[in-house]
*Asks:* 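Let me begin by handing over the structure; questions about it come next.
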Amino acid sequence: MAIPLLVLHRTGSVVQMGLVTGLTGVASIVTGVFAGVLVDRVDRRRLLMVADWARCLLFALIPLVWLFATPMWLVYAVVPAAGVFMMLFQVAYVTVVPAIVEPGQITRANGHLFGTYAAAGAGGPALAGFIASAFGPAAAIGIDSVTFAFSAIGIAFVKIRPARRVTTRDAAERAGVRGEFLAGVRFLWAHPVLRPLTVLLSLLTFLTYGLTDLIIFRLKEELGHPDSTVGFVLAAGTLGACLASFAVARVRERLGFGVSWIGAFVLCGATVLCVGLSGSALVVGVLAAVILFCTSIAGTCSMSLRQEVTPGHLLGRVTAAFWTTHSALGPLGAAAVTAAAAGAGVTATCLGIGVSVVCVALAGVVTGIGRSRAGHAAAQDV
């Protein structure tokens with residue numbers, strides 16, 4: 001929350017908010033080309049810690065420099081650099097989950113990860129709002145930088161089973177980084193569920209990547225609420241992710257992967273549409289919670305499926321290929337969505353996004369997603 005607020009305070013432009021968000025996406029996409037290769041080659045625990053320490057130092061630069069000047073170029077430099085380490089961390093942490101829990105516990109474990117992340121995030125936006133109101137967004141970014149240091153220290157105490165190493169190099173490894181990345185792409189494309197999942201998520205990412213910027217702009221500029229209200233609304237939204245963490249294992253077990261994933265995004269689209277029609281900060285907070293509940297259910301199911309069907313030594317490359325591919329349209333989406341909001345308003349933009357998300361999600365019915373069976377059975381469809 002603090003980065004978009006800083007940009008809005010400094011420039012007053014929702015378009016520049018979208019540009020900064022888009023830069024993070026671009027950095028993640030570029031990093032995804034080699035992130036999986038790196039994760040599959042190095043010690044994953046050390047990589048997680050390096051990524052945290054790097055983000056700690058990068059974000060600390062902003063409040064330190066802001067004591068003397070307010071150069072926007074620094075934000076445009078720090079944000080994509082932090083995006084590089086964010087992508088490395090995300091790919092690495094996905095690969096260590098199967099090395100911590102047994103195969104039958106993966107969905108539940110991912111639910112716990114999403115839940116604890118959301119629980120911490122529930123207080124984060126509210127804290128950012130208070131600090132931004134009292135001391136400015138730069139101070140909130142400074143506190144955020146410290147949290148990465150705590151994370152790096154905590155990871156040192158996590159017990160991770162060593163990944164199984166293959167003793168001979170396959171053709172992809174002999175072909176270099178490009179060949180190893182393409183090995184992950186080929187695995188995605190060969191799988192009857194992961195292939196349509198990647199395509200549809202690319203479209204959904206384009207549509208939803210800039211939603212947080214829209215909510216912030218709606219509350220501050222169109223409805224006239226202070227930073228603290230924005231913080232409360234975003235904090236309320238994360239409660240939806242907390243609820244999803246408790247429900248996702250049961251939902252997937254009872255409904256199956258296909259119904260869980262498609263149904264979550266259909267409800268998400270309908271909720272985004274309602275955000276554009278609401279003029280109450282309280283209602284927007286409730287709707288934000290529903291959106292995060294839906295995306296957390298879908299995201300946890302998607303992540304668990306990839307971990308279940310992918311060989312351990314290939315999981316980093318498959319994860320990186322998946323995120324790089326489906327995130328490719330995200331920066332364009334952030335720019336397009338915020339530009340649309342600046343021109344047509346948040347209400348009309350949310351209506352368009354909501355209808356589009358519902359249509360894309362329903363398209364999954366006629367693909368392997370809609371035909372995937374309950375529980376872990378989809379893992380056999382490879």
Side-chain angles (χ1 to χ4, degrees), residues 24-25 27-52 83-101 103 105-107 109-111 113-114 117 155 158 160-166 170 172-173 177-202 204-205 248 257 261 295-296 298-330 369 376 378-379 382:
T24 303
S28 298
I29 293 167
V30 174
T31 308
V33 175
F34 63 85
V37 179
L38 186 62
V39 168
D40 285 340
R41 287 182 175 182
V42 304
D43 183 280
R44 290 167 177 173
R45 184 206 304 274
R46 291 180 181 175
L47 183 61
L48 289 169
M49 296 174 68
V50 167
D52 271 339
V84 170
F85 292 100
M86 178 188 72
M87 184 63 164
L88 289 173
F89 186 95
Q90 287 180 335
V91 173
Y93 106 82
V94 170
T95 64
V96 302
V97 172
I100 297 175
V101 301
Q105 299 176 321
I106 287 178
T107 300
N110 285 326
L113 284 172
F114 271 86
Y117 177 82
I155 289 170
V158 178
I160 302 173
R161 293 191 299 269
R164 183 180 67 86
R165 300 295 181 184
V166 290
D170 56 24
E173 290 174 318
V177 173
R178 179 176 177 273
E180 292 191 59
F181 176 79
L182 291 178
V185 174
R186 284 193 292 269
F187 185 91
L188 287 176
W189 194 253
H191 196 281
V193 179
L194 294 183
R195 180 174 62 248
L197 187 68
T198 305
V199 173
L200 294 183
L201 269 176
S202 297
L204 291 169
T205 300
V248 63
F257 174 81
W261 190 88
T295 55
S296 297
T300 304
C301 289
S302 172
M303 182 185 301
S304 301
L305 178 67
R306 292 196 312 277
Q307 291 165 331
E308 290 162 0
V309 304
T310 306
H313 70 278
L314 192 62
L315 186 54
R317 282 168 282 177
V318 170
T319 300
F322 179 82
W323 276 346
T324 302
T325 303
H326 86 70
S327 299
L329 297 178
I369 300 173
H376 303 292
V382 65

*Asks:* How would you list, by chain and number, every residue that makes a side-chain contact (heavy atoms from CB on, under 4.5 Å) with V158, sequence neighbours excluded?
*Replies:*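 Checked V158 against side-chain contact (heavy atoms from CB on, under 4.5 Å); matches are R45, I100, I160.
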
*Asks:* If you look at every heavy atom in V37 and R317, which pair is closest and at what distance?
*Replies:* N-CG, 3.9 Å

*Asks:* About how many Å separate CG of L197 and CD1 of I369, when rounded to the nearest 0.5 Å?
*Replies:* 4.5 Å

*Asks:* Determine whether L305 and V193 make a side-chain contact, defined as any pair of heavy atoms from C-beta on separated by less than 4.5 Å.
*Replies:* yes

*Asks:* Quick one: side-chain contact (heavy atoms from CB on, under 4.5 Å) partners of T31, sequence neighbours excluded?
*Replies:*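 In terms of side-chain contact (heavy atoms from CB on, under 4.5 Å), with neighbours along the sequence ignored, T31 is linked to F34, A35, V84, M87, L88.
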
*Asks:* Could you give the distance from CG (L188) to CZ (R306), rounded to the nearest 0.5 Å?
*Replies:* 8.0 Å

*Asks:* Do you know which two heavy atoms are closest between T300 and G111, and how far apart they sit?
*Replies:* CG2-N, 3.7 Å

*Asks:* Can you check whether W261 reaches L201 side chain to side chain, under 4.5 Å on heavy atoms?
*Replies:* yes

*Asks:* State, with a plain yes or no, whether a side-chain heavy atom of F257 is found less than 4.5 Å away from one of S304.
*Replies:*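 The answer is no; the side chains never approach within 4.5 Å.
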
*Asks:* How about T107 and E308: do any of their side-chain heavy atoms sit closer than 4.5 Å?
*Replies:* yes

*Asks:* Please tabulate, one pair per line, all N/O donor-acceptor pairs under 3.5 Å involving side-chain atoms of residues 90-98, not counting sequence neighbours.
*Replies:*
{"from": "T95", "atom 1": "OG1", "to": "R44", "atom 2": "NE", "distance (Å)": "3.4"}
{"from": "T95", "atom 1": "OG1", "to": "A92", "atom 2": "O", "distance (Å)": "2.6"}

*Asks:* Is a side-chain N or O of S302 found less than 3.5 angstrom from the main chain of A298, in a donor-acceptor match?
*Replies:*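 No; zero donor-acceptor contacts below 3.5 Å.
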
*Asks:* Taking side chain to side chain donor-acceptor pair (under 3.5 Å) as the definition, give me every residue that meets it alongside T198, ordered by chain and number, with sequence neighbours left out.
*Replies:*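 T198 satisfies side chain to side chain donor-acceptor pair (under 3.5 Å) with no other residue.
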
*Asks:* List in chain and number order the residues that pass ring-ring contact (aromatic ring centres under 6.0 Å, His included) with F85, two or more places apart in sequence or in another chain; answer none if no residue qualifies.
*Replies:*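 Here no residue qualifies.
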
*Asks:* Quick one: CD on Q307 to CG on N110, what's the gap to the nearest 0.5 Å?
*Replies:* 4.5 Å

*Asks:* Applying side chain to side chain donor-acceptor pair (under 3.5 Å), name anything that partners T310, two or more places apart in sequence or on another chain.
*Replies:* none

*Asks:* To the nearest 0.5 Å, what is the distance between CG (L38) and CG (L47)?
*Replies:* 5.5 Å

